[in-house]
Amino acid sequence: MATSASSKLSKAVKQQYMDLPQGDQVQAMYIWIDGTGEGLRCKTRTLDSEPKTIEDLPEWNFDGSSTYQSEGSNSDMYLIPQAMFRDPFRKDPNKLVLCEVLKYNRKLAETNLRQMCKKIMGMVQNQHPWFGMEQEYTLLGTDSHPFGWPSNGFPGPQGPYYCGVGADKAYGRDVVEAHYRSSYWGDGYNIVCLVVLQWEFQVGPCEGIDMGDHLWIARFLLHRVCEDFGIVASFDPKPIPGNWNGAGCHTNFSTKEMREEGGLKYIEESIERLAKRHQYHIRAYDPKGGLDNARRLTGHHETSNINEFSAGVANRGASIRIPRSVGQEMKGYFEDRRPSANCDPYAVTEALVRTCLLNEESEEPVKYK
């Protein structure tokens with residue numbers, strides 16, 4: 001199994017330097033989404049004092065020609081801080097800073113979907129939309145071979161791996177535990193083992209724009225932890241062709257009305273709206289406009305068919321699943337199982353609000369002033 005060179009470097013030697021005092025200065029790691037709409041980039045800036053609010057963080061810039069976001073003749077792009085988190089790697093008082101990206105003319109970069117999502121969330125803030133996203137991912141060696149798999153074969157068929165324990169069932173638990181603990185430095189979430197090479201973490205409930213911010217940072221933390229272990233986290237929706245589960249990002253959604261007595265009525269109304277706008281959501285639910293999900297949403301391996309909309313209670317093969325407890329209590333939330341593992345959470349949550357709460361019906365999103 002190939003591993004990255006960084007995993008072979010001495011962490012004990014590194015720790016000698018990490019233990020050096022840093023005085024009053026603070027390291028702020030600026031993080032942004034690159035031109036693929038999937039990849040994350042980062043670089044660190046030294047500040048003279050600890051920032052207490054997002055307004056304390058200065059704008060910065062980077063070379064967009066190296067991140068698929070501009071051409072070399074006009075490459076400078078702006079980083080605009082939007083959300084700040086504690087840094088579990090460098091520890092307090094250092095920070096992780098999630099940024100929006102603006103082009104040279106201060107217009108939005110093509111993969112900057114956060115600003116519109118925030119606007120849409122602001123239009124429905126009195127309905128208190130809550131989201132919980134279940135991020136599935138796959139651990140790979142740096143040679144792209146599934147971590148823990150035989151070098152010239154396959155492990156046993158699916159069945160004993162879901163929430164399993166044992167060296168023959170749960171491969172890479174050290175990575176998962178480290179990621180879990182790093183998240184608790186800021187915000188915690190749950191971990192589930194799905195198949196022999198696939199894991200899942202769950203973020204939420206988060207209200208409004210916080211969902212996208214927290215999921216992107218959780219992904220960054222996972223990549224950063226995997227870097228230390230010398231393996232790779234993949235969010236490919238179908239990393240292994242054939243009779244193996246794909247990877248999704250199931251999204252749980254509710255409003256204040258849905259969570260209160262009689263809320264099932266509002267859940268059912270939302271599902272009816274979603275049924276009429278299936279193709280719009282398919283295009284919004286992966287960064288390639290549905291092409292990635294076409295490999296995953298086959299109607300097999302606990303997925304719905306990409307060409308058909310379906311809904312049901314406790315049905316993991318449906319587009320929309322109503323949990324059994326929600327059907328019994330007549331209130332709660334529903335789960336949209338269509339988003340792909342590599343989706344942009346800003347696009348997914350925005351699409352749900354547009355259809356379910358703003359009652360949009362057209363195949364294209366409405367342009368609001």
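Because only heavy atoms are used, hydrogens play no part in the values below, and waters and symmetry mates are left out as well, while side chains stay in.
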When you compare the side chains of R90 and T44, does any donor N or O come within less than 3.5 Å of an acceptor on the partner?
yes
Side-chain donor-acceptor pair present, Q125, Q127, cut-off under 3.5 Å
no
For the residue pair R106 and Y78, would you count it as a cation-pi contact if the rule is NZ or CZ under 6.0 angstrom from the ring centre and within 45 degrees of the ring axis?
yes
Would you confirm whether the ring centroid of F201 sits within less than 6.0 angstrom of the ring centroid of Y180?
no
CD1-CG distance between I120 and L357, expressed to the nearest 0.5 angstrom:
10.5 Å
Short N-O contact, K256 and E260, less than 4.0 angstrom:
yes
Whether R41 side chain and S66 backbone form a donor-acceptor pair below 3.5 Å
yes
Does the pair T53 and E55 meet the rule for a side-chain hydrogen bond (donor to acceptor under 3.5 Å, both in side chains), with working shown?
CA-CA 5 Å; T53 68; E55 288 74 23; 3.1 Å; yes
Taking E50 first and then K52, would you say they form a salt bridge - that is, a charged N and a carboxylate O separated by under 4.0 Å?
yes
Evaluate side-chain hydrogen bond (donor to acceptor under 3.5 Å, both in side chains) for E134 paired with N252, printing each intermediate quantity in order.
CA-CA 8 Å; E134 305 171 20; N252 302 286; 2.9 Å; yes
Taking only residues at least two apart or on different chains, which pairs with a member in residues 28-49 satisfy ring-ring contact (aromatic ring centres under 6.0 Å, His included)?
Y30-W60, W32-F62
Side-chain heavy-atom pair R337, S304 within 4.5 angstrom cut-off:
no
Are R273 and T355 linked by a side-chain donor-acceptor pair shorter than 3.5 Å?
no
No-hydrogen, no-angle side-chain donor-acceptor test under 3.5 Å, D336 and Y285
yes
What I want to check is whether the side chains of E100 and Q115 have a donor and an acceptor closer together than 3.5 Å.
yes
Is it true that H214 and F85 have ring centroids separated by less than 6.0 Å?
yes
List in chain and number order the residues that pass side-chain contact (heavy atoms from CB on, under 4.5 Å) with Q279, two or more places apart in sequence or in another chain; answer none if no residue qualifies.
I282, R283, E363
Only one of L113, L215, T349, T111 clears side-chain contact (heavy atoms from CB on, under 4.5 Å) with D344; which?
L113
Residues in salt bridge (Lys or Arg N to Asp or Glu O under 4.0 Å) with R321, at least two apart?
E335
What I want to check is whether the side chains of S340 and N342 have a donor and an acceptor closer together than 3.5 Å.
yes
Is any NZ, NE, NH1 or NH2 atom of the basic residue among D87 and K95 found under 4.0 Å from an Asp or Glu carboxylate oxygen of the other?
no
Residues clustering with W130 (ILVMFWY side chains joined when closer than 4.5 Å, directly or via others)
none
Taking NZ, NE, NH1 and NH2 as the nitrogens, is one of them in D228 or R224 under 4.0 Å from a carboxylate oxygen of the other?
yes
E361: what forms a side-chain contact (heavy atoms from CB on, under 4.5 Å) with it, not counting sequence neighbours?
none
With sequence neighbours excluded, residues passing ring pair (Phe, Tyr, Trp, His ring centres under 6.0 Å) with F235
H223
Do N94 and Q22 meet the criterion of a side-chain donor-acceptor pair at a distance under 3.5 Å?
yes
Identify the two heavy atoms, one from A247 and one from E136, that lie closest to each other, and give their separation to 0.1 Å.
CA-OE1, 3.3 Å
In terms of side-chain geometry, is the basic nitrogen of K288 or D286 positioned less than 4.0 Å from the acidic oxygen of its partner?
no
Salt-bridged, R354 to E350, with N to O below 4.0 Å?
yes
Is any side-chain heavy atom of C356 closer than 4.5 Å to one of F334?
yes
Do we see a donor-acceptor contact under 3.5 Å between the side chains of D213 and Y346?
yes
Output, in order, the C-alpha distance, side-chain angles, deciding distance and verdict of side chain to side chain contact (heavy atoms under 4.5 Å, CB included) for L102 and I80.
CA-CA 8 Å; L102 301 182; I80 314 299; 3.7 Å; yes
